[in-house]
Novice: 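Take a look at this one; I'll ask things after.
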Amino acid sequence: MVANLIKGKEIALALREKLAQEIAAHGDRPHLAVILVGDDEASLIYDRNKQKAAIDAGMDCDLHHLSEQTSEEEVLALIQQLNEDKNIHGVMVQLPLPKHIDARKVLDHIRPEKDVDGFTPQNAGLLSVKDERAIVSATPAGILYLLKTVHQSLAGMHAVIIGRSNIVGKPLAALLLNNDCTVTVVHSKTRNLPELTRQADILVAACGCPKMVKADWVKDGATVIDVGINRIDGKLCGDVDFDDVINKAAYITPVPGGVGPMTIAMLLENTYQAYKQSKV
Ligand code: NAD
């Protein structure tokens with residue numbers, strides 16, 4: 001068996017075009033503010049891509065690029081100012097933050113209605129009780145969207161998620177539970193990992209371990225979603241050994257061009273939702 005590719009890049013582009021049409025028809029411009037602290041090269045490229053994607057979709061987007069030395073108080077003050085600005089609909093802070101800044105404190109300071117990354121406890125809580133007001137974290141939301149392009153219904157499927165982070169593993173587990181999957185979350189302390197992953201109808205790798213998932217970890221005909229973004233000798237790769245697993249899975253996302261582009265598309269979707277909610 002050779003797996004079919006789930007082409008996140010194309011799917012994300014189509015979503016962004018549809019969003020651009022909706023925004024143009026609406027005639028107003030949703031406004032996103034992105035905060036980046038420090039000079040991490042990858043984060044800067046990523047945030048510039050987000051800004052370009054937002055502008056292409058017909059939004060306004062400010063990139064607040066602050067120096068590495070910026071204090072926690074200064075970041076909190078900027079968030080406060082953006083929280084109070086009626087013309088700003090979405091606020092997001094690029095992670096990781098420099099070590100002297102408490103990321104949890106900073107994220108918690110974003111008004112839940114403007115938290116387009118869905119990282120505040122309020123949005124995480126709304127998601128876990130399946131309340132549709134939740135702003136769902138962009139990467140899990142993008143993964144669900146990709147899964148729905150290849151499966152009409154997820155009901156009863158066994159999803160195994162490798163990784164339990166607050167930004168990917170946990171919200172994805174809640175989202176898949178809400179979509180009637182049977183969910184197993186495995187992590188760095190899990191015993192007999194391959195034994196569990198081999199039971200997965202849907203296997204999501206989000207652990208940041210380059211090419212860790214091999215063909216013998218995968219059930220025949222499974223759907224494999226690779227969230228990992230790693231570099232080996234400067235070359236991007238995921239947490240799944242793509243060349244090995246492609247002969248075992250039925251569907252697989254590539255890296256790059258799979259989950260990554262969906263994250264940006266869903267962030268824009270979330271900003272548009274936040275904008276519409278602000279007008280209600
Ligand atoms: P994280 O470091 O916060 O969490 C990693 C999780 O994986 C932890 O829960 C840990 O217990 C688990 N883990 C680590 N090593 C493991 C092992 N050997 N076996 C089993 N579990 C293990 O990472 P994160 O922020 O959730 O990101 C995970 C990966 O996804 C990273 O490569 C990151 O770059 C990528 N990512 C991609 C996107 C995207 O848009 N494509 C978005 C977010 C994160």
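Residue numbers run from 1 in the order of the sequence given. Ligands are counted one by one from 1 in listed order, and the atoms in each one are counted from 1 as well.
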Novice: What protein heavy atom is closest to atom 30 (O) of ligand 1, reported as residue, atom name and distance in Å?
Specialist: V227 O, 3.5 Å
Novice: Is atom 27 (O) of ligand 1 near the protein, in the sense that some protein heavy atom lies at less than 4.0 Å from it?
Specialist: no
Novice: If the contact criterion is a heavy-atom separation under 4.0 Å, does K189 count as touching ligand 1?
Specialist: no
Novice: Cut-off 3.5 Å, side chains only: do H65 and D47 have a donor facing an acceptor?
Specialist: no
Novice: With the 4.5 Å side-chain cut-off for hydrophobic clustering, are I11 and L175 part of the same group?
Specialist: yes
Novice: How far apart are the C-alpha atoms of K50 and K52, what are their side-chain angles, what is the distance that settles it, and do they pass the side chain to side chain contact (heavy atoms under 4.5 Å, CB included) test?
Specialist: CA-CA 5 Å; K50 276 180 205 157; K52 183 179 179 309; over 6 Å; no
Novice: For I167 and ligand 1, answer yes if some heavy atom of the residue is under 4.0 Å from a ligand atom, otherwise no.
Specialist: yes
Novice: Check ligand 1 against I162 and write out every atom of the ligand that is under 4.0 Å from a heavy-atom position of the residue.
Specialist: 20 (C), 21 (N)
Novice: Nearest protein heavy atom to atom 4 (O) of ligand 1, by residue and atom, and its distance?
Specialist: S165 CB, 3.7 Å
Novice: Tell me which protein heavy atom sits closest to atom 15 (N) of ligand 1, plus the residue, atom name and distance to 0.1 Å.
Specialist: C209 SG, 3.4 Å
Novice: Could you tell me which atoms of ligand 1, counted from 1 in the order shown, lie closer than 4.0 angstrom to a heavy atom of T139?
Specialist: 40 (O), 42 (C)
Novice: Please find out if less than 6.0 Å separates the ring center of H26 from that of Y275.
Specialist: yes
Novice: Which of these passes side-chain contact (heavy atoms from CB on, under 4.5 Å) with H109: I79, T120, V93?
Specialist: I79
Novice: Can you check side-chain hydrogen bond (donor to acceptor under 3.5 Å, both in side chains) on T271 and H89, steps first, answer last?
Specialist: CA-CA 7 Å; T271 305; H89 308 103; over 6 Å; no
Novice: Is the shortest distance from a Lys or Arg side-chain nitrogen in K219 or D201 to a carboxylate oxygen in the other one below 4.0 Å?
Specialist: yes
Novice: Considering I229, V185, V255, which one's heavy-atom position lies nearest to atom 33 (C) of ligand 1?
Specialist: I229
Novice: Among all protein heavy atoms, pick out the one at the shortest distance from atom 13 (N) of ligand 1; state its residue, atom name and that distance to 0.1 Å.
Specialist: C207 CB, 3.6 Å
Novice: If the cut-off is 4.0 Å to any non-hydrogen atom of T263, which atoms of ligand 1 fall inside it?
Specialist: 39 (C), 40 (O)
Novice: Need the ligand 1 atom indices (1-based, order shown) with element for anything under 4.0 Å from a heavy-atom of G163.
Specialist: 6 (C), 7 (O), 9 (O), 12 (C)
Novice: Under 4.0 Å, heavy atoms only, figure out whether ligand 1 is touched by the backbone of T190, its side chain, both or neither.
Specialist: neither
Novice: Hey, are D115 and R111 close enough for a salt bridge, meaning a charged N less than 4.0 Å from a carboxylate O?
Specialist: no
Novice: Can you check atom 2 (O) of ligand 1: any protein non-hydrogen atom closer than 4.0 Å?
Specialist: no
Novice: Pull out every atom of ligand 1 sitting under 4.0 Å from any heavy atom of A206, numbered as shown with elements.
Specialist: 5 (C), 6 (C), 7 (O), 28 (C)
Novice: With a 3.5 Å cut-off and no angle check, do the side chains of E17 and Q21 form a donor-acceptor pair?
Specialist: no
Novice: Only heavy atoms of V168, strictly under 4.0 Å: list the atoms of ligand 1 that pass.
Specialist: 26 (O), 43 (C), 44 (C)
Novice: Which atoms of ligand 1 sit under 4.0 Å from any heavy atom of G260?
Specialist: 40 (O), 41 (N)
Novice: Could you tell me whether D216 and K214 have a side-chain N and a carboxylate O separated by less than 4.0 Å?
Specialist: no
Novice: What part of N166, side chain from CB on, backbone N/CA/C/O, both or neither, has a heavy atom under 4.0 Å from ligand 1?
Specialist: neither
Novice: Measuring from the heavy atoms of G169, does anything fall under 4.0 Å of ligand 1?
Specialist: no
Novice: Give a yes or no on this: more than 12 heavy atoms of other residues, nucleotides or ligands lie within 6.0 Å of atom CZ of R48.
Specialist: no
Novice: Short list, please: which atoms of ligand 1 are under 4.0 Å from a heavy atom of N230?
Specialist: 32 (O)
Novice: Output yes when D108 and K105 qualify as a salt bridge under the 4.0 Å nitrogen-oxygen rule, no when they do not.
Specialist: no
Novice: For ligand 1, find out whether one of its N or O atoms is nearer than 3.5 Å to an N or O atom of L193.
Specialist: no
Novice: Indicate if L32 and I35 have the same hydrophobic cluster label, given that clusters are the connected sets of ILVMFWY residues with side-chain heavy-atom separations under 4.5 angstrom.
Specialist: no
Novice: What part of S188 sits under 4.0 Å from ligand 1 if we count only heavy atoms: the side chain, the backbone, both or neither?
Specialist: both
Novice: Quick one: look up the protein heavy atom nearest atom 8 (C) of ligand 1 and list residue, atom name and how far away it is.
Specialist: R164 N, 4.0 Å
Novice: When V160 is tested against each of V185, T182, V186 for side-chain contact (heavy atoms from CB on, under 4.5 Å), which residue passes?
Specialist: V186
Novice: Among all protein non-hydrogen atoms, which one is nearest to atom 31 (C) of ligand 1, and what is the separation to 0.1 Å?
Specialist: G208 CA, 3.7 Å
